[in-house]
Amino acid sequence: MKTLLLKAERENIKLAAEIIRKGGLVAFPTETVYGLGADATNGEAVAKIFLAKGRPYFDPIIVHIGSEEMLPLVVKEISDIARKLSSVFWPGPLTLILPKTEKIPNIVSAGLPTVAVRMPKNEIALNLINEAGVPIAAPSANSFGRPSPTSPQHVLEDLDGKIDLILDGGETQIGVESTVLDLTVPIPTILRPGGISKEALEEVLGEVSLSGAEGVIKSPGQLKKHYSPKAQVILFSGEGEGVIEAIKEKIRELKPKGKVGLLLPEEKILYFKDEDVLLWDLGSYKALDVVAKRLFYSLRSLDREGVDFIIAIAPPKEGIGLAIYDRLFKAAGSQKIDVVAK
Ligand code: TXA
Ligand code: MG
């Protein structure tokens, strides 16, 4: 199959919508990452997403809507909490887990009685969905397990020849995926931290739980290793001198085994400038929005540089920092090295 890469102009969005209606696959930008879309009401079309990505069928897919009117097509009972959250955060990077309708085939929800739904905050995405006239099922447009794509080039890297079209809308704004919030349990529970912070949800909801903290996998997407570059990621957490020393020791241990890359906040780079390693500046941990935007691109870039090991430091878990932390932790195979201050 030849994959078209076209600027996200009006005519091309129309073409993309036609491809979706005919059961094809289109990658498109959202405010978080690029999605790989198919008609969410067409099980055969959605099956092609799993094939193109190499995604296991037990991992359900998010359904994207272009207007409030599409919601009843996807969701059976729209609770008051769901209404409240959608009015505050949509369009935007919040995905809600709610009971699904018969219109949404089982392949979308991996057999679950629930469905993940969100309205993206991106004009191209919204135009595409509304032009197609159907909700669009779309996971991130990467090969399964790889870092999510934040540019059309990343999509091409992973999916060239496997999908019909990529709509080029430049780089995505947020850089990490949406927050997935389960509303089918007594206390709303974050299954995946993302673009809407836990703090922002708490302001609206009061109590919000965070799943996965105890290592229990509640969402099929909470696999222990995910978002991984080819290199092995080693995550450190801790403050001050101790963590610098521990990383230097790790570098000495790893150097004989392969090429080492450091993926560090600006504040820490300077401590390693004399080391014979590849230094990659993630931006300041005081500006976590910028770090989020650069994260997946940085992981992919380090891969391209051919490093065998990537050493990173955990960011503060505040605001979007929680999502960044989650992605780094998963990339590291759900392990980290805690350095206790002396
Ligand atoms: O920002 C995003 O969310 C992007 C853009 C394209 O919208 N999409 C995205 O999709 O990240 P994906 O498939 O890579 O991640 C969807 C997550 C997975 O962790 C999946 O397990 C979870 O949502 N999920 C989907 N449906 C679910 C359901 N019914 N119950 C629990 N978790 C669900
Ligand atoms: Mg994904």
Side-chain angles (χ1 to χ4, degrees), residues 25-38 40 46 49-50 52-66 74-76 89-101 104-122 124-126 128-129 135-150 154-155 158-159 167 169 172-185 188-196 211-212 217-228 292 296 320 323 326-327 330-331:
L25 298 185
V26 174
F28 61 97
T30 77
E31 78 279 39
T32 56
V33 301
Y34 272 72
L36 177 59
V46 173
I49 294 178
F50 287 89
K53 286 193 51 138
R55 183 183 178 102
Y57 287 101
F58 61 75
D59 198 1
I61 295 180
I62 297 174
V63 175
H64 298 69
I65 56 173
V74 179
V75 170
K76 197 156 65 183
F89 295 108
W90 284 357
L94 178 67
T95 295
L96 302 177
I97 307 291
L98 291 161
K100 84 172 187 65
T101 62
I104 301 299
N106 284 328
I107 189 168
V108 172
S109 63
L112 296 170
T114 55
V115 64
V117 62
R118 82 178 190 100
M119 193 192 295
K121 191 174 185 171
N122 177 293
I124 299 163
L126 292 173
L128 173 65
I129 301 164
I136 294 184
S140 49
N142 49 286
S143 298
F144 184 70
R146 295 264 299 144
S148 293
T150 55
H154 298 165
V155 181
D158 282 15
L159 299 176
L167 278 178
T172 60
Q173 253 172 350
I174 296 178
V176 293
E177 304 87 340
S178 63
T179 301
V180 178
L181 185 71
D182 190 354
L183 294 182
T184 66
V185 288
T189 301
I190 296 175
L191 300 180
R192 177 182 72 183
I196 297 291
S211 155
I217 296 177
K218 293 214 183 92
S219 167
Q222 292 176 324
L223 298 173
K224 288 210 163 164
K225 189 158 197 297
H226 209 63
Y227 311 108
S228 309
F296 288 137
I320 201 158
D326 171 77
R327 304 312 184 265
K330 298 269 172 60

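In each ligand, atom 1 is the first atom listed, and ligand 1 is the first ligand listed.
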Can you check side-chain hydrogen bond (donor to acceptor under 3.5 Å, both in side chains) on T32 and S178, steps first, answer last? CA-CA 6 Å; T32 56; S178 63; 5.8 Å; no

Taking the inter-plane angle between the rings of H64 and F28 on a 0 to 90° scale, is it parallel (under 30°), tilted (30 to 60°) or perpendicular (over 60°)? perpendicular

Less than 4.5 Å apart, side chain to side chain, heavy atoms only: is that true for T114 and S109? no

Can you list the atoms of ligand 1 that are under 4.0 Å from a heavy atom of S140? 8 (N), 9 (C), 10 (O), 12 (P), 14 (O)

I want to know if ligand 1 touches R55 in the polar sense, i.e. an N/O pair below 3.5 angstrom. yes

If the cut-off is 4.0 Å to any non-hydrogen atom of V180, which atoms of ligand 1 fall inside it? 23 (O)

Just to verify, what does E31 make a side chain to side chain contact (heavy atoms under 4.5 Å, CB included) with, not counting sequence neighbours? P93, R118, P120, K121, Q173, I174

Using a 3.5 Å cut-off on N or O atoms only, is R192 in polar contact with ligand 1? yes

Out of G194, P99, P60, whose heavy atom is nearest to atom 27 (C) of ligand 1? P60

In ligand 1, which numbered atoms sit nearer than 4.0 Å to a non-hydrogen atom of H64? 5 (C), 6 (C), 7 (O)

For E177 and S148, test the side chains for any donor-to-acceptor distance below 3.5 angstrom and give the result as yes or no. yes

From N142, does some N, O or S atom reach closer than 2.8 Å to the Mg ion (ligand 2)? no

Decide yes or no for L96 and F89: does some side-chain heavy atom of the first lie under 4.5 Å from some side-chain heavy atom of the second? no

Taking distance alone, with no angle check, do R118 and ligand 1 share an N/O pair under 3.5 Å? yes

Out of all atoms in ligand 1, which are within 4.0 Å of some heavy atom of A116? Include the element for each. 25 (C), 26 (N), 27 (C)

Taking only non-hydrogen atoms of I97 and a 4.0 Å limit, the atoms of ligand 1 in range are 27 (C), 28 (C), 30 (N), 31 (C), 32 (N), 33 (C)

In ligand 1, which numbered atoms sit nearer than 4.0 Å to a non-hydrogen atom of G35? 6 (C)

Student check: side-chain heavy atoms of K100 and N106 closer than 4.5 Å: yes

Counting only nitrogen or oxygen atoms and a 3.5 angstrom limit, does E177 reach ligand 1? no

Answer side chain, backbone, both or neither: which part of L112 comes under 4.0 Å from ligand 1, heavy atoms only. side chain

Kindly state each residue pair satisfying salt bridge (Lys or Arg N to Asp or Glu O under 4.0 Å) with at least one member in residues 107-116, sequence neighbours excluded. none

Looking at side-chain heavy atoms only, is the closest gap between R146 and K53 below 4.5 Å? no

Heavy-atom contacts under 4.0 Å between L191 and ligand 1: side chain, backbone, both, or neither? side chain

